**Q** 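Take this structure, written in structure tokens, and hold onto it; I'll ask about it next.
Bear in mind the structure is a predicted one, so any value in this text is a computation, not a measurement. One-based numbering, in listed order, for ligands and for the atoms of each. Along the sequence shown, the residues carry numbers beginning at 1.
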Amino acid sequence: MEKDASFLFGGISFNRKKFARDFDRFKGKIPVDSAEKLNFIEKEDKTIDDSLEKVEFVENEISGMEDGTSTSVSKKRKRKEKGKVPDVEGFSVFKSSKLKKEAASEETDQSVNELLQGKKEYYQQLERDAIFRKMHNIHVSGSNIPSPLLNFAELRSRYKCRSYLLRNLAKLGFKEPTPIQRQAIPVLLSGRECFACAPTGSGKTFAFVFPVLMKLKHTSKDGVRAVILSPTKELAAQTTRECKKLARKKFYIRLMTKQLAKSGDFSKLRCDVLISTPLRLKFAIQKRKLDLSRVEYLVLDESDKLFEPGMLEQVDFVVKACTNPSILRSLFSATLPDIVEDRARTIMHDAVRVIIGRKNSASETIEQKLVYVGSEEGKLLALRQSFAESLNPPVLVFVQNKERAKELYDELKLEDLRADVIHSDLSQIQRENAIDNFRAGKTWVLIATDVVARGMDFKGVNCVINYDFPDAAAAYIHRIGRSGRAGRSGQAITFYTEADIPFLRNIANVITSSGGEVPEWIMSLTKKKWRKHRPRRETISTQPDI
Ligand SMILES: Nc1ncnc2c1ncn2[C@@H]1O[C@H](COP(=O)(O)OP(=O)(O)OP(=O)(O)O)[C@@H](O)[C@H]1O
């Protein structure tokens, strides 16, 4: 293991003797794949080096003061001018204390030593955090960022988490926090706002649900205290279920259904956590006089989708209705374009930014393939061929719109594929049935529009087929992210025709940035500005025109 550890920290200047305790702590806990990943991190981690330098510097000062050999002020100044003395905050205190040392009382010496000791421990903690974040591919920015969670038990030791929550976590079978949970949970628990971007299927839901439940402590008659916004009804329903799994019966957790939005009496209804789409929530605020003035937590899940034109106005309405001045807002998504961050910053205060892996990239557990099919007819042939060769259900097939979903379903429904379809023309019940049957394994192939592209957690989807090329890189990342979830492997196949070639490079970039390979000729194509690529496509049919 010692050998593994040195392999891990290759490229980082690290005093192994001094941090022997940290080695022990990490021993046996580093998954092989993360060790391998780390080996690829070529960039020198300046944060770690800086903080190491600071720790060493403070240590020298302590021993210098003890034996009277501390660096002279002029020497230090020269070193500082050369940039060799780290800019340790508060160092001037130590410096002037040193000069007055002879005259100072023993008491002063002691408090200086305590201050130095405090600084030393602070920088050692920073250094440990930096190493730990690097191991888990966690990137943060912002001030005074809380340490990541080493394990779930720290929720109790650091944050006094109530045992029922930990018991419920254990019942779910979660042993270790995922990287986004390690960092976003402490950020939110320490009362900070948060932008979080982590790959699809990496456990973002619990990263925001857990702190909300912990902070609310117990149910209350005060009305809604937490709101979670989701872009689709399906995702809102799923998040409600996940939230209930964790809370069990301790809180009133409600999904904003059509019925509730239309006729709910919110003055009488007990509700601690409300989960809704922006449209339904706006409707309930306007028509049912739903009061959100006591909301303490507002989560915008799939935040980039919520910030798209069409939904932005409704989200804005909800944000404005949450008038509690001490509200904490957080944004979560697997894709977080700069423009969304810039917009969100205008409403957030001193937010911490947490990015897992590379921003806006696909999950690395998905094997991605691009397949040239020539024409629309070619797609059907390729799909049938791929099913004939190896149909490994469950399989999700994405198409451009509901008309095409119906057409493809009509083509496949008579084949022995147990195919079903989901799109926005179906009733709520039909949509729910389609999802339930797919989840239960009764349906092998689900043909879908982007209505289920985001957030939906279908366990064990083996393959996602982009029958129609997606209309944006973010859509691609979310669609293929329905497979390869929670560390499992998955496969994504994207068909393309001549009409899609101008946008191929955009997808190729996503593939390469998540460790996949694409042919050289595709990488040499120029990247085209991509605005809703939805070409007119021929009807999906093998029936001759009459
Ligand atoms: N700590 C954990 N250990 C094991 N499994 C976990 C853990 N946390 C969450 N999961 C599981 O991982 C799966 C994916 O989680 P989740 O749906 O929250 O992903 P996500 O990051 O929100 O994905 P998306 O970007 O697609 O919305 C779920 O089935 C969830 O139960």
Side-chain angles (χ1 to χ4, degrees), residues 31 136-138 148-155 161 165-166 168-186 194-213 228-232 234-246 275 299-306 330-336 354-366 394 396 398 435 439 448 450-461 464 474-490 492 510 514:
H136 292 279
N137 233 331
I138 301 170
L149 290 177
L150 299 182
N151 47 49
F152 281 132
E154 278 200 330
L155 288 168
C161 175
L165 269 175
L166 290 174
N168 294 350
L169 257 187
K171 276 184 197 154
L172 288 166
F174 297 172
K175 293 190 174 65
E176 291 284 322
T178 64
I180 187 64
Q181 293 165 355
R182 288 184 193 279
Q183 189 61 75
I185 293 178
C194 179
F195 294 99
C197 182
T200 50
S202 65
K204 292 187 286 298
T205 313
F206 282 109
F208 57 75
V209 163
F210 200 91
V212 165
L213 296 182
I228 301 172
L229 282 186
S230 308
T232 61
E234 284 74 14
L235 184 55
Q238 179 183 285
T239 306
T240 310
R241 254 197 328 272
E242 296 297 291
C243 203
K244 283 183 177 169
K245 276 186 203 163
L246 204 54
I275 299 144
V299 180
L300 306 185
D301 189 18
E302 307 293 344
S303 43
D304 51 330
K305 186 74 191 169
L306 294 176
S330 53
L331 271 71
F332 282 78
S333 186
T335 47
L336 202 57
V354 182
I355 309 288
I356 307 300
R358 280 195 182 194
K359 201 177 154 196
N360 303 330
S361 64
S363 166
E364 289 178 10
T365 57
I366 308 166
L396 250 176
F398 281 105
I435 288 175
R439 280 208 164 109
D450 282 336
V451 72
V452 292
R454 279 180 179 256
M456 296 306 292
D457 188 45
F458 302 115
K459 297 260 176 329
V461 170
V464 169
Y476 174 77
I477 292 168
H478 288 279
R479 277 181 178 188
I480 68 166
R482 295 320 97 208
S483 76
R485 300 177 71 74
R488 293 189 193 92
S489 59
V510 176
S514 49

**Q** Does H478 have a non-hydrogen atom less than 4.0 Å from ligand 1?
**A** no
**Q** Within the structure, does K459 bring an N/O atom to less than 3.5 angstrom of an N/O atom in ligand 1?
**A** yes
**Q** Can you establish whether the number of heavy atoms outside R439 located under 6.0 Å from its atom CZ is more than 12?
**A**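 Atom CZ in R439 is packed in, count exceeds 12.
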**Q** Do the side chains of V452 and R482 get nearer than 4.5 Å, heavy atoms only?
**A** no
**Q** Is the shortest distance from a heavy atom of G481 to ligand 1 less than 4.0 Å?
**A**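 It does not, in that no heavy atom of G481 comes within the 4.0 Å cut-off of ligand 1.
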**Q** Should the pair D304-R454 be classified as a salt bridge under the 4.0 Å nitrogen-to-oxygen rule?
**A**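 Salt bridge flag = yes for R454 with D304.
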**Q** Enumerate the atoms of ligand 1 whose separation from the nearest heavy atom of S202 is less than 4.0 angstrom.
**A** 19 (O), 20 (P), 21 (O)
**Q** Among protein heavy atoms, which lies nearest atom 23 (O) of ligand 1, and at what distance?
**A**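 Residue, atom and distance for the closest contact: G201 N, 2.8 Å.
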**Q** Answer with yes or no whether A198 contacts ligand 1, where contact means a heavy atom under 4.0 Å from a ligand atom.
**A** no
**Q** When you measure from atom 2 (C) of ligand 1 to each heavy atom in F458, F174, F332, which option holds the nearest one?
**A** F174
**Q** Would you say that H136 contacts Q183 through its side chain, given a criterion of any heavy-atom pair below 4.5 Å between the two side chains?
**A** no
**Q** Would H478 and T335 count as a side-chain hydrogen bond (donor to acceptor under 3.5 Å, both in side chains) if you check the C-alpha gap in whole Å, the side-chain angles of each, and the deciding distance to 0.1 Å?
**A** CA-CA 8 Å; H478 288 279; T335 47; 2.7 Å; yes
**Q** If I compare all heavy atoms of I180 with all of A196, which pair ends up nearest, and what's the gap?
**A**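 In this case the closest contact between I180 and A196 is CD1-CB, 3.8 Å.
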**Q** Just which atoms of ligand 1 are under 4.0 Å from any heavy atom in R485?
**A**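 Listed by number with element, the hits are 14 (C), 16 (P), 17 (O), 19 (O), 20 (P), 23 (O), 24 (P), 26 (O).
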**Q** Identify, for atom 8 (N) of ligand 1, the protein heavy atom at the shortest distance, and state residue, atom and that distance.
**A**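 Protein heavy atom with the smallest distance to atom 8 (N) of ligand 1: Q181 NE2, 2.8 Å.
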**Q** Looking at every heavy atom in both F332 and K204, which two are closest together, and how far apart are they?
**A**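 Heavy atoms of F332 and K204 come nearest at CD2-CB, 4.1 Å.
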**Q** Is any N or O atom of R482, backbone or side chain, closer than 3.5 Å to an N or O atom of ligand 1?
**A**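 Yes.
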**Q** Would you mind running through ligand 1 and noting each atom that sits below 4.0 Å from a heavy atom of T205?
**A** 16 (P), 17 (O), 18 (O), 22 (O)
**Q** Are side-chain heavy atoms of L169 and F210 found at a separation under 4.5 Å?
**A**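 A side-chain contact exists here, since the closest heavy-atom pair is under 4.5 Å.
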**Q** Can you list the ligand 1 atoms lying under 4.0 Å from a non-hydrogen atom of E302?
**A**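 Checking each atom against E302, I get 27 (O).
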**Q** Using a strict cut-off of 4.0 Å, indicate which atoms of ligand 1 neighbour a heavy atom of P199.
**A**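 Answer, ordered by atom number: 21 (O).
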**Q** Do F206 and I185 come within less than 4.5 Å of each other through their side chains, counting heavy atoms only?
**A**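 When only atoms from C-beta onward are counted, I185 and F206 do not touch, as no gap falls below 4.5 Å.
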**Q** Look at atom 12 (O) of ligand 1 and say which protein heavy atom is nearest, naming residue and atom and giving the distance to 0.1 Å.
**A**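 Protein heavy atom with the smallest distance to atom 12 (O) of ligand 1: A486 CB, 3.3 Å.
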**Q** Give me the nearest non-hydrogen protein atom to atom 21 (O) of ligand 1 as residue plus atom name, then the distance to 0.1 Å.
**A** K204 NZ, 2.8 Å
**Q** Does ligand 1 have an atom under 4.0 Å from some heavy atom of M456?
**A** no
**Q** Less than 4.5 Å apart, side chain to side chain, heavy atoms only: is that true for R182 and I138?
**A** yes
**Q** Does some side-chain heavy atom of V354 sit less than 4.5 Å from a side-chain heavy atom of C197?
**A**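 No, too far: nothing below the 4.5 Å cut-off.
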**Q** With heavy-atom distances below 4.0 Å as the criterion, list the atoms of ligand 1 near T178.
**A**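 Counting from 1, the qualifying ligand atoms are 1 (N), 2 (C), 7 (C).
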**Q** Considering only non-hydrogen protein atoms, determine which one is nearest to atom 29 (O) of ligand 1 and report residue, atom name and distance to 0.1 Å.
**A** D457 OD2, 2.5 Å
**Q** Could you check whether R479 pairs with D450 (Lys NZ or Arg NE/NH1/NH2 to Asp/Glu carboxylate O, under 4.0 Å)?
**A**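 Yes, charged N to carboxylate O under 4.0 Å.
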**Q** Are any of the N/O atoms in T200 less than 3.5 Å from those in ligand 1?
**A** no
